[in-house]
2 protein chains.
Amino acid sequence: MTRVLIVDDEPQILRAMRINLRARGYEVVVADTGAGALSAAASAVPDIVILDLGLPDMDGVEVIHGLRGWTRVPIVILSGRAESRDKVGALDAGADDYITKPFGIDELLARLRAVARRGGEQGASPIVRFGRVTVDLAAHRVTRAWPAADGTDGPLGADGRVSPGSGAGGDVGDVGDGAAGEERVDEVHLTKTEWGLLRVLVSHPGKLVTQRQLLTEVWGARYETETHYLRTYLNRLRQKLEDDPARPRHLLTEPGMGYRFQP
Amino acid sequence: MTRVLIVDDEPQILRAMRINLRARGYEVVVADTGAGALSAAASAVPDIVILDLGLPDMDGVEVIHGLRGWTRVPIVILSGRAESRDKVGALDAGADDYITKPFGIDELLARLRAVARRGGEQGASPIVRFGRVTVDLAAHRVTRAWPAADGTDGPLGADGRVSPGSGAGGDVGDVGDGAAGEERVDEVHLTKTEWGLLRVLVSHPGKLVTQRQLLTEVWGARYETETHYLRTYLNRLRQKLEDDPARPRHLLTEPGMGYRFQP
DNA sequence: ATCCTTGTTAACGGTTTGTTGACACCCCCA
DNA sequence: TGGGGGTGTCAACAAACCGTTAACAAGGAT
């Protein structure tokens, strides 16, 4: 879900936009000062920032500079001033679009889609690595490197049996050629549910995620009590991703509370 | 130097903008029709396109679609129409910004800098190759090379029967002459829908594309649930493009999630 | 020691997907 | 105006996949 930070000092505008954007499926975070905007952008890490230029504590261009110092998040300016000088200043400071009030909500939404579209395509795709596993959240792709030292280990267990859920039509195939001393990199095929679970966990690196949160985000609110799903699927993920599934090092259990992804 | 393609049918505007942009250090290419814009974009490969919506030969949104079919070059719309409906249509078709006339040249230049700032980082080759297939996104053309080793194989199966979905009036004809040791290269004819599907997939190489995204981009938002279209058309594409359509290596299914183009 | 939570494995069956074929529509052409 | 090839849409069936469930083992806490 796209997360939008709205920065405006007029409560009624803030409220109207929050309602509108939430109704369109955006996740909304708000701030009503420039300083609040900068700290909210750092903590909430929004996908888009909507910034009103007429803030009480800071000049709008200063806010843009403050953001651009460390992030390339798309910034859409809302302003009552339609003068060319203001637009040029804001755009050259690093804003991506400039809309003058009054504006239509449809136009705002279309412009948000436009900047989000561009913003989403570029930039380092969010890649998470742990152990020998690489998770590409944008491409929905998981790869796992296997040591080639002994040459025989790999997706096939020591007993030669195909481990359940790996191989068997799911894997695309080896990328490496298996030559001695080289690493083999295999695609790890995850089902929709497995992927959803892994996504939630790696999105909160190092943090404890409660069972309830996992169940609602992956299965839906009605599954809040089906904790055995978590056990089954954590087991599957560990089988596919952990070097020693019986002694997980990255997908950890916090008994009585939930699970934790340890990078 | 940044190359800008200006598309407008009013000579005086064309002239004024050419002078202004050249004075600012831009290289300027012009076109005064939609068709001319598409061919100029393909041959001149501009860094930015400035597009007037009121062209005589094509609807502006069609031009945007024609460009977005193969390139992500930033598109800035100029239009006399300020209605929300026009803006939304153009932006959702893939435009990056929308400026209503009359406009200040300073604002235009600032918006060009804003889109160029982001656009310069990407840019993909309009030609995609995988296996024996070459996809030219700019020319809307797909070719497939056949091994000439045994001399008899090709679009005709070993039993002499025309393989379903290829050939059968679709192929334009052999380009190669079939001499021993040479490769034969055949045009692969794709229908509009097939092309749209392939375009979306190869535009996101290696990434998973959800069923919803494919359906909305190729068929439209109202077809979001018609997943059987995807199955039918993926089958057709595999028949035409995969060496072994039953075991696709490049047009892959991710069960429950979507499809992936694997270069 | 016993109970509760968690881990592990296997199997069933519904759902999704692949595949084929039929049919209506449209445009071009005679 | 009628015919025919090409295309989009839809239905039906087979096959593969994966969510769900069950059963039991293991570990830890009270």
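Letters go in sequence order (proteins before strands), and every chain restarts at 1. No experiment lies behind these values; they were computed from the predicted model shown.
- By the neighbour-count criterion of 12 heavy atoms within 6.0 Å, atom CZ of A:Arg212 is sparsely surrounded, having that number or fewer from other residues, nucleotides or ligands.
- At C:dG7, none of the side-chain N or O atoms of A:Asn235 fall inside 4.0 Å of OP1 or OP2 (strictly under the cut-off).
- Straight-line distance from the CG atom of B:Leu230 to the P atom of C:dT19: 14 Å, rounded to whole Å.
- Taking the six-membered ring where the residue is Trp, A:Trp219 and A:Tyr233 present perpendicular rings, their angle passing 60° and hence far from 30°.
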Do B:Arg249 and B:Gln262 pass the side-chain contact (heavy atoms from CB on, under 4.5 Å) test, and can you show the C-alpha distance, the side-chain angles, and the key distance before you say yes or no?
CA-CA 7 Å; B:Arg249 293 177 52 196; B:Gln262 182 76 22; over 6 Å; no

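- C:dT19 atom C1' lies 16 Å from atom CD of B:Glu242, rounded to whole Å.
- Between B:Leu197 atom CG and C:dG18 atom C1' the separation is 15 Å, expressed in whole Å.
- The stretch residues 247-263 of chain A has no heavy atom under 4.0 angstrom from DNA chain D at all.
- Distance, A:Leu237 CG to D:dC18 C1': 14 Å, rounded to whole Å.
- When distances run from any side-chain atom of A:Gln211 to the nucleotides C:dT17, C:dT6, D:dG19, the shortest one goes to C:dT6.
- The side chain of B:His189 contributes an N or O atom lying less than 4.0 Å from OP1 or OP2 of D:dT7.
- A donor-acceptor pair under 3.5 Å is absent between the side-chain atoms of A:Arg111 and the main chain of B:Lys87, judged by distance alone.
- Whole-Å rounding puts the B:Lys192 NZ to D:dG8 P distance at 8 Å.
- A 4.5 Å side-chain heavy-atom check between B:His250 and B:Val133 finds every atom pair outside the cut-off.
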Under 3.5 Å, which N/O atoms of the protein pair with N/O atoms of nucleotides 20-22 of chain D?
unit_1 : atom_1 : unit_2   : atom_2 : d
D:dT20 : OP2    : A:Trp219 : NE1    : 3.2
D:dT20 : O5'    : A:Tyr229 : OH     : 3.2
D:dT20 : O4     : A:Arg236 : NH2    : 2.6
D:dT21 : OP2    : A:Tyr229 : OH     : 2.5

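- A donor-acceptor contact shorter than 3.5 Å links the side chain of A:Arg3 to the backbone of A:Ala44.
- For the residue pair A:Asn20/A:Arg24, the side-chain donor-acceptor check at 3.5 Å is satisfied.
- Contact annotation: A:Arg231 side-chain N/O to C:dT5 OP1/OP2 distance is not under 4.0 Å.
- Contact between the side-chain N/O atoms of A:Gln239 and the OP1/OP2 oxygens of C:dT9 is found at a separation under 4.0 Å.
- At least one donor-acceptor pair under 3.5 Å links the side chain of A:Arg238 to the backbone N or O of A:Leu251.
- Counting to the nearest Å, the C1' atom of D:dG6 and the CH2 atom of B:Trp195 are 19 Å from each other.
- A salt bridge does not link B:Arg81 to B:Glu83: none of the charged side-chain nitrogens sits closer than 4.0 Å to a carboxylate oxygen.
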